[in-house]
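On a predicted model such as this, the values are computed, not experimentally measured, just so you know. Residue indices begin at 1 and follow the sequence shown.
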Amino acid sequence: SYCRTHTRTSDPYVKFKIAGKEVFRSKIIHKNLNPVWDERVCLIVDNLQELLTCVINYNTTFNGGHNSSCFCCRSLDVQLDLQDPQCPDQDLGSLELVVTLFPRSTEDREALRHNLRLSDLYRKSQLWRGIVSIRLIEGRNLIPMDQNGLSDPYVKFKLGPQKYKSKTIPKTLNPQWREQFDLHLYDEEGGILEISVWDKDIGMRDDFIGQCQLDLSKLSREKTHKLELELEEDKGMLVLLVTLTATVTVSISDLSVNLLDDPHERQQIIKRYSPLRSFFNLKDVGMVQVKILRAEGLMAADVTGKSDPFCIAELCNDRLQTHTVYKTLNPEWNKVFTFNVKDIHAVLEITVYDEDRDRSADFLGKVAIPLLNIRNSEQKAYVLKNKELTRPTKGVIFLEADVIFNAVKASLRTFVPPEQKYIEEEAKVSKQMLQQNFNRVKRCVLFLINTGSYINSCFQWESPRRSLCAFLIFVVVVWNFEIYMVPLSLLLLLTWNYFLLASGKEPREGSVVSVFMDVDCPDSEKKGFLDKFYAVQDVIITVQNALDEVACFGERVKNTFNWSVPFLSWLAITVLCAGATLIYFIPLRFIVLVWGINKFTKKLRDPYNIENNELLDFLSRVPSDIQLVQYKDLKAETSQSPSKKRRNNPG
């Protein structure tokens, strides 16, 4: 329940071990010498003579280690005096527990299920007690921090260990953010939400604008509060919408306390997400339960040839962790994690780490499972992958998952912005990532080029049968065109591809795997330094030229309307007037039909005709911004006074 210590300062948490194996770890209480955990856990004990060891880790250099005290599992109400074997006379405080022993026989277990509902055990194993939904609306009358009399403000939120940073709104004192995010509420009373506003400065440290605090304990639950928070010292105001809601279906439990194994509880959950409740609490889309059973053949991370593996399961910003199984490459966790689903398109990530006491945990492997790919109640072995999830690593992990969701809520939530992760790794410059992204863009561009070439081949009559069919389809569609045909054509395309995939004519994963072939294949690792250098150089040159072409196109369109070349601007006016008059008197259907007939018959009328695009040909005559600078007449250099010329030319 709680602990009394006599050290300077600590961030204590408790580990429970049975027969030397860790079976539970409590939450961390920061900077508190008298922590109150108020947590409950159900542990399975096979032998009542075994010792249950409680290990307090203060995580502070003053304490200098771990302190433990042991007691027999038959105890009920106990107060443990913490001891350090190296300093037996030192007073390290005490730990108070309330221990209840439940029977495990089949008859007693059934009686326990009837007397104590699984939903009660489920609620006791919750890790956080509520959700704070925050909608950052706007700022008002912020103070200027830049020389232009404006600011580039963004907002930081902090609730306990959780942090969130908003986007930056440039050059304004009245920013409009319109962002929504959720934070976990660990404190039953609410806690203090710390808010600070900053000015973004590129190349230097950001400037602090102001701060304020919000006491969440003063807000009523299940109600949206519109708050106008004044920053300290009258530095502006923030407008927020804050809602406190009770948490649902987020827990850790053992296999013996499995929510969906109880038919009554499973039926209640299915009823909660039935179609009849599609418009109640739209954010509560569903729930997912994953059983992390065991792993086999993990990588050895310690010098002893073993590892101390534990698992972390993440779904968006929800993060749960198993206990650590020491000195093994084939750990068994047998834990059940339950998450609330707010987006059915989210991805469940299971990461295996090796625990190290003196440094950060070592990465052993990772799997990512889209919720829509989960098959309920199917136990499956997943091959662990590297951090980028592009190649397999050593080991497999055995999981079993169930997803229950409301299809209507999931569909509606698809059309709102997805939840952003609070903690993401900063982007780093990577040659491999640059080449990979270049190949992805190249594939998309090649697809468009190939599509254009296919259409152009119809105009060139390379295959008379195909061109004739295309011409007839074009005439029929244009003559009978209605606006509803646009979504209908996309529907036909989706249907056609579905039947192709169903018939197995086009592999689903082939195009995806080939994206990484050039980057991740073993042969690429054998290339010399010069080969890699030239490969990166080719990518950079191609990207440089593509950016130049895109920039030139945009600048030429702008310079046409800026009268950079009056002749071309007058020509554009003439063509636009003629086009507007033509479209006003002649229906667009006939104009498109005439254009198409001209394109299809041009090759037949003139077999040696050279194809061109009139619009691109026109824009190619308009200078870009760089060309305007190059063509600019530098009169200042030619208008020198005679005396200056004599000084420059003394001879």
Side-chain angles (χ1 to χ4, degrees), residues 1-18 22-43 51-101 123-130 132 158-163 183-194 213-219 221 244 246-247 250-252 319-321 323-324 355 357-358:
S1 294
Y2 79 98
C3 177
R4 297 195 305 273
T5 65
H6 302 287
T7 56
R8 294 176 183 174
T9 182
S10 299
D11 300 322
Y13 63 90
V14 182
K15 293 181 183 179
F16 288 88
K17 295 183 179 181
I18 296 180
E22 182 179 328
V23 293
F24 176 75
R25 180 180 298 194
S26 74
K27 62 185 178 183
I28 300 175
I29 306 296
H30 294 279
K31 300 190 182 305
N32 196 328
L33 299 182
N34 299 287
V36 178
W37 286 283
D38 192 21
E39 294 188 59
R40 306 194 183 200
V41 60
C42 178
L43 305 177
L51 295 180
L52 175 62
T53 306
C54 303
V55 181
I56 307 259
N57 189 343
Y58 294 109
N59 195 21
T60 170
T61 57
F62 179 78
N63 288 323
H66 299 74
N67 313 299
S68 63
S69 180
C70 303
F71 68 94
C72 182
C73 290
R74 291 173 292 185
S75 302
L76 295 178
D77 299 326
V78 292
Q79 178 174 341
L80 304 175
D81 294 327
L82 299 177
Q83 299 176 356
D84 188 345
Q86 298 179 357
C87 303
D89 298 331
Q90 186 178 1
D91 185 5
L92 298 176
S94 61
L95 177 68
E96 293 189 5
L97 303 173
V98 178
V99 181
T100 306
L101 193 63
R123 283 192 294 271
K124 293 173 184 176
S125 62
Q126 298 245 330
L127 300 180
W128 47 85
R129 302 168 186 263
V132 185
K158 185 175 185 297
L159 181 61
Q162 305 169 91
K163 297 179 182 179
L183 298 176
H184 295 149
L185 191 62
Y186 291 91
D187 190 351
E188 190 170 357
E189 297 181 356
I192 301 297
L193 177 65
E194 301 175 9
Q213 292 185 340
L214 175 61
D215 188 355
L216 299 177
S217 62
K218 298 180 179 179
L219 302 180
R221 301 286 181 116
L244 274 64
T247 185
V250 180
S251 67
I252 300 177
R319 178 186 174 100
L320 300 177
Q321 179 177 328
H323 61 279
T324 302
E355 181 184 287
R357 297 181 182 275
D358 302 328

Query raised in the report: From His323 NE2 over to Glu355 CD, what is the distance, rounded to the nearest 0.5 angstrom?
Result: 11.0 Å
Query raised in the report: For the atom pair CG (Leu159) and CG (Leu216), what is the distance rounded to the nearest 0.5 Å?
Result: 6.0 Å
Query raised in the report: Leu219 and side-chain contact (heavy atoms from CB on, under 4.5 Å): which partner among Leu193, Val132, Leu244?
Result: Leu244
